[in-house]
Amino acid sequence: MSLPNHFELLGQSGAARTGRLTTPHGVVRTPAFMPVGTAGAMKGLHWREVRDAGADIVLGNTYHLMLRPGAERIAALGGLQRFTTWNGPMLTDSGGFQVMSLAQLRKVTEQAVKFRSHIDGAAIELSPERAIEVQLLLGSDIAMQLDECVRLPAERDDILRAMELSLRWAERCKRAFERAPEGHMLFGIVQGGDIPQLRHASARGLIEIGFHGYAIGGLAVGEPQEVMLAMIEEAAPILPADRPRYLMGVGTPEDILEAVARGIDMFDCVMPTRNGRHGVAFTRFGPVNLRNARHADDPRPLDESSEWPSTRNCSRAYLHHLVKSGETLGAMLLSEINIAYYQSLMAGMRAAIAQGRFAEFREQTHADWARGDI
Ligand SMILES: O=c1[nH]cnc2c(CCNCC3CCCCC3)c3[nH]c(NCc4cccs4)nc3cc12
C-alpha cells in the first residue's frame, strides 16, 4: 500500500517545482533550504532570526544529540521542539553520515554501524532500528533512513556494496518506522555513487519499498559539480513526481539553483553558517570575503536592496573590523546574513516557478553572480 502523501505540488516551470510539505509542526514551502542546527542549536543565531530570515524547517543533528544529551533525555524533556524552543518543522538525519566523518574506530557491518563516541569513547552501535528509535525519541517531523554514503571517487564494487546495503537498511528502517505517530514522515536515500545504472537500481528499489519522500545522497562528497548534476538527472526523473526530493548536503547557491532546475525540492548545507564564521558573506552578486583589506574603508553595506536589515545596514568596513578582530558578533552577523541570503534565493525561486518564469530567474541570477561584487 502506498504511504500517505503530505506533499502538494503547486506549480512547475520546466523541471523546477514549487510545493508545500505539511508536517505535524507546520508547513514547509518548497524549494526549501533547511539550515543546519548543530548540537540542537544554530551556531551564532537565535531561532527567531532563523524564522525571520524565512526558514520554515531546520535540521536536528542526530549524531551529536544522541551522544549528548541523549535521545531518551530529550524525549523525557518533551522532544526536540520543546527542548530547543524551535516550534516549527524539524528534519533529523540518521546520524550515520557523521559517524563516518566524526567518530573514531567506526566499522560498518550488515547489522549496524559500530563506533566509539568522539566525546567519551563509549562503544556505540547504530543499527537501522536504533537510528529510527532515536529520531522518534527526538520527535522530528521527517526522519531519514540509515544509509552508507561512499566518498567519491570510489571503486564500482564499493559503490555497489554500499548501495545494496543501504537498500536493505531502508527496508529495516521502513519496518521500524511503522510505529511512528500520524503525520510523521520517513525519507529513503538514493545511493549509487557516480554510476547511472546503480542510481537507477537504488531509486527503483526505494520506490518498491515506498517512502513519504526521497533523498538523493552520496553526492557533494568530492565529485565535480557536473558529475553531481549528471547524477541528479539520472535519479530525479525516476523518483515519484508527487513526492518531495531532498538533495543532501548541498550546497553553494549555484549548486542549489542548478539542482532546483533539475527537479530538487529540499536542501541542507552547513555552508551559510560555516562560511559566516570564516568571514565570507553570500550576496546577490556572489561571495564577498570580508577578511580582505579592500573593505577596510568601505562605508557601503553588502547590498542596500536587501530586505535583511544587517545586509542593508552594516558597512563592509564594520564587518571587516569585526572579522579581523575576531569579534563573535562578526560570525553572528555573517551567519544571519548568509542564512537570510539563502532564504531569499529560495523565495525568489518559489515565486519564479509559481509564475512560470524560472528560466528567466535562473539566467538573471547567474548574470548577477557573474557581475560579482564591485
Ligand atoms: O548520502 C548521504 N547520506 C546521508 N547524509 C548525507 C550528507 C549529510 C547531510 N547533512 C546532514 C546534516 C545533519 C545535521 C548536522 C550537519 C549535517 C551529505 N552531505 C554531503 N555533502 C556535504 C558535506 C559535509 C561534510 C562532508 S561532505 N553529502 C552528503 C551525503 C549524504
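Indexing begins at 1, ligand by ligand and atom by atom, following the structure's order.
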Worksheet item: With atoms numbered from 1 as shown, which atoms in ligand 1 lie under 4.0 angstrom from a non-hydrogen atom of Gly217?
Response: 1 (O), 2 (C)
Worksheet item: With backbone taken as N, CA, C and O and side chain as the heavy atoms from C-beta onward, which portion of Leu219 lies under 4.0 Å from ligand 1: side chain, backbone, both, or neither?
Response: backbone
Discussion item. Under 4.0 Å from a heavy atom of Leu59: which atoms of ligand 1 are those, numbered in the order shown and with their elements?
Written reply: 12 (C), 13 (C)
Worksheet entry | Selected option - heavy-atom contact closest to atom 30 (C) of ligand 1, from Gly222, Gly218, Gly249, Gly95 | Gly218
Worksheet item: Does any N or O atom in Ile189 lie less than 3.5 angstrom from one in ligand 1, N or O only?
Response: no
Item to complete: Look only at interatomic distance and state if Asp147 has a nitrogen or oxygen under 3.5 Å from any nitrogen or oxygen of ligand 1.
Response: yes
Worksheet item: Any idea which atoms of ligand 1 are less than 4.0 Å away from a heavy-atom of Asp93?
Response: 13 (C)
Item to complete: Using a 4.5 Å cut-off on heavy atoms from C-beta on, say whether the side chain of Tyr63 contacts that of His118.
Response: yes
Item to complete: Name the option, out of Tyr246, Phe97, Tyr63, that contains the heavy atom nearest to atom 5 (N) of ligand 1.
Response: Phe97
Practice prompt. Please step through side-chain contact (heavy atoms from CB on, under 4.5 Å) for the pair Leu80 and Trp86, ending with a clear verdict.
Written response: CA-CA 8 Å; Leu80 213 38; Trp86 164 268; over 6 Å; no
Discussion item. Would Asp268 count as being in polar contact with ligand 1, using the rule that some N or O on each side must be under 3.5 angstrom apart?
Written reply: yes
Fill in: Atoms in ligand 1 with a heavy atom of Val221 nearer than 4.0 Å
28 (N)
Worksheet entry | Distance-only donor-acceptor check, side chains Ser166 and Gln191, under 3.5 Å | no
Fill in: His25 and His184 aromatic ring geometry - parallel, tilted or perpendicular at 30°/60° bounds
perpendicular
Worksheet item: Taking distance alone, with no angle check, do Ala220 and ligand 1 share an N/O pair under 3.5 Å?
Response: yes
Worksheet item: Between His212 and Phe177, how do the two ring planes meet: parallel, tilted or perpendicular, split at 30° and 60°?
Response: perpendicular
Worksheet item: Looking only at heavy atoms, is any part of Gln191 under 4.0 Å from ligand 1, and if so is it the side chain, the backbone, or both, or is it neither?
Response: side chain
Discussion item. Here's a test for you: under side-chain hydrogen bond (donor to acceptor under 3.5 Å, both in side chains), which of Arg371, Gln364, His366 qualifies with Asp368?
Written reply: Gln364
Discussion item. Give the atom numbers and elements of ligand 1 that come within less than 4.0 Å of a heavy atom of Val36.
Written reply: 14 (C), 15 (C), 16 (C)
Item to complete: Let me see the working for Thr92 and Gln135 under side chain to side chain donor-acceptor pair (under 3.5 Å), right down to the final yes or no.
Response: CA-CA 7 Å; Thr92 49; Gln135 295 179 80; 2.9 Å; yes
Worksheet entry | Distance (rounded to the nearest 0.5 Å) between Leu198 CG and Met163 CE | 4.5 Å
Practice prompt. Measure up the Phe282 and Tyr342 rings against each other and bin them: parallel (under 30°), tilted (30 to 60°), perpendicular (over 60°).
Written response: perpendicular
